[in-house]
Amino acid sequence: MKEFKNLGLRPIFPPFWATLPHTDIFQVFTPDLLHQLHKGVFKDHLVQWTTRIMGENEVDGHFKLMSSHHGLRHFKNGISSVSQWTGKEHKEMEKVFVGLISGGVDQRVVRTVCAVTDFIYYSSLQSHTDHSLHALAHALDEFHEHKAIFIEMGGRKATHFNIPKIHLMQHYVELIRRFSSADRFNTKSPERLHINYAKEAYRAGNKKDYIAQMTVWL
């Protein structure tokens, strides 16, 4: 149990799939660009580590000083005060983050951040070739080659990178070859249904005995 907690995992005994016939649970995992890459690896890990190294005020200052440009989001108040992020905002930050931290941190940090953003963009392609999958794998190799800089400079407090979402990145080439492009597994559509059938139904009532009211509304 302690080992699971140290790895950020939650043990479940017995797993629901343990007795299912003809089942290999590891063959059903699919890429999830939003939660694994945009929100997970990029926002929850990479941005957090880089901000610790560069300094919160410095990162905010770079965002505020960024000149306006058509097609780019200007975070005029910085990013430290934002509590709720959407997938669209994650993608907008990815567009400018490499250039934004350049000159503010060690070049090895920039190179590692660049490798992750390359990996995310290659993963998001709607179709692939052997060349694009090779570039995807190369971007991941670049990240692993230089990732220790985050521990060395105090960005990551732990002394390892045993993070499930980072581990899953090494399976992306295999998963794309097996299931086709990763954008097919975008969770945007079912999350839209969550808004339609949960949030709007909740808002339509008086917030008391809401389950019964939501059921009638639906």
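We count residues from 1, following the sequence as given. Worth saying up front: this structure is predicted, and the values here are computed from it rather than measured. All heavy atoms count here, side chains included; hydrogens, waters and symmetry mates do not.
Comment: Glu92 does not engage Lys88 in a salt bridge, judged by the lack of any side-chain N to carboxylate O separation of less than 4.0 angstrom. A salt bridge between Asp130 and Arg177 is present, with a side-chain N of the basic residue lying under 4.0 Å from a carboxylate O of the acidic one. Taking 4.0 Å as the cut-off between side-chain N and carboxylate O, Glu89 and Lys43 do not count as a salt-bridged pair.
Within 6.0 Å of atom CD in Gln126, 12 or fewer heavy atoms from other residues, nucleotides or ligands are found, so the atom counts as exposed in its surroundings. Around NE2 of His138, the count of heavy atoms belonging to other residues, nucleotides or ligands within 6.0 Å does not exceed 12. Counted within 6.0 Å of CD1 on Ile211, heavy atoms from surrounding residues, nucleotides or ligands total 12 or fewer; the atom is thus considered open. The number of heavy atoms from other shown groups lying within 6.0 Å of NZ (Lys147) is above 12. A 6.0 Å sphere centred on NE2 of His160 holds more than 12 heavy atoms belonging to other residues, nucleotides or ligands.
Here the side chain of Thr50 pairs a donor or acceptor atom with the backbone of Leu46 at under 3.5 angstrom. Checking side-chain atoms of His62 against main-chain N and O of Leu100 turns up a donor-acceptor pair under 3.5 Å. Under a 3.5 Å cut-off, the side chain of Asp60 and the backbone N or O of Asn77 do not form any donor-acceptor pair. Put simply, the side chain of Thr23 never gets that close to the backbone of Thr19: no donor and acceptor are under 3.5 Å apart. For His146 (side chain) and Val109 (main-chain N/O), no donor-acceptor pair under 3.5 Å exists by modelled atom type. Side chain of Gln213 to backbone of Asn206: a donor-acceptor contact under 3.5 angstrom is found.
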query: Would Leu37 and Met169 count as a side-chain contact (heavy atoms from CB on, under 4.5 Å) if you check the C-alpha gap in whole Å, the side-chain angles of each, and the deciding distance to 0.1 Å?
result: CA-CA 8 Å; Leu37 297 185; Met169 292 168 71; 4.0 Å; yes

- request: Show your reasoning for whether side-chain contact (heavy atoms from CB on, under 4.5 Å) applies to Tyr122 and Leu140.
  value: CA-CA 11 Å; Tyr122 280 120; Leu140 183 59; over 6 Å; no

message: Between Arg156 and Gln48, does the side-chain hydrogen bond (donor to acceptor under 3.5 Å, both in side chains) criterion hold? Intermediate values first, please.
response: CA-CA 8 Å; Arg156 174 159 171 76; Gln48 185 181 100; over 6 Å; no

task: May I have the step-by-step check of side-chain contact (heavy atoms from CB on, under 4.5 Å) for Phe63 and Val96, ending in yes or no?
output: CA-CA 9 Å; Phe63 271 108; Val96 302; 4.0 Å; yes

- request: Using the side-chain contact (heavy atoms from CB on, under 4.5 Å) rule, take His74 and Lys64 through it: C-alpha gap first, then chi angles, then the decisive distance, then the call.
  value: CA-CA 8 Å; His74 185 200; Lys64 293 175 183 178; 5.5 Å; no

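With sequence neighbours excluded, the residues forming a side-chain contact (heavy atoms from CB on, under 4.5 Å) with Leu168 are Gln36, His171, Tyr172, listed by chain and number.
Taking the side chain as every heavy atom from C-beta outward, Phe16 and Ile25 approach each other to under 4.5 Å. Under the 4.5 Å side-chain criterion, counting only non-hydrogen atoms from C-beta, Trp217 is not in contact with Tyr202. The shortest side-chain heavy-atom distance between Ile120 and Ser124 falls under the 4.5 Å cut-off.
Here the two rings, on Trp49 and Phe143, have centers that are 6.0 Å apart or farther. In summary, the aromatic rings of Phe161 and Phe150 are positioned with their centroids too far apart to meet the 6.0 Å limit.
With rounding to the nearest 0.5 Å, the separation of CZ in Arg73 from OG in Ser68 is 12.0 Å. Here Ile79 contributes atom CD1 and Glu56 contributes atom CD; the two are 8.0 Å apart, rounded to the nearest 0.5 Å. Atom CZ of Arg111 sits about 11.5 Å away from atom CG of Asp118, to the nearest 0.5 Å. Here OG of Ser123 is found 11.5 Å from CG of Asp32. Values are rounded to the nearest 0.5 Å. Between the CD atom in Gln107 and the CD1 atom in Ile149 there is a gap of 11.0 Å [rounded to 0.5 Å]. His38 NE2 to Lys91 NZ: the interatomic distance, rounded to the nearest 0.5 Å, is 4.5 Å.
In the hydrophobic clustering of ILVMFWY residues, with side-chain heavy atoms under 4.5 Å counting as a link, Ile166 and Tyr121 come out apart.
Contact between Thr30 and Leu175 at its shortest, heavy atoms only, is C-CD1, 4.4 Å. Ala182 and Ile176 get closest at one heavy-atom pair: N-CG1, 4.4 Å.
Under the 30°/60° scheme for interplanar angles, the aromatic rings of Phe75 and Trp85 are found to be tilted.
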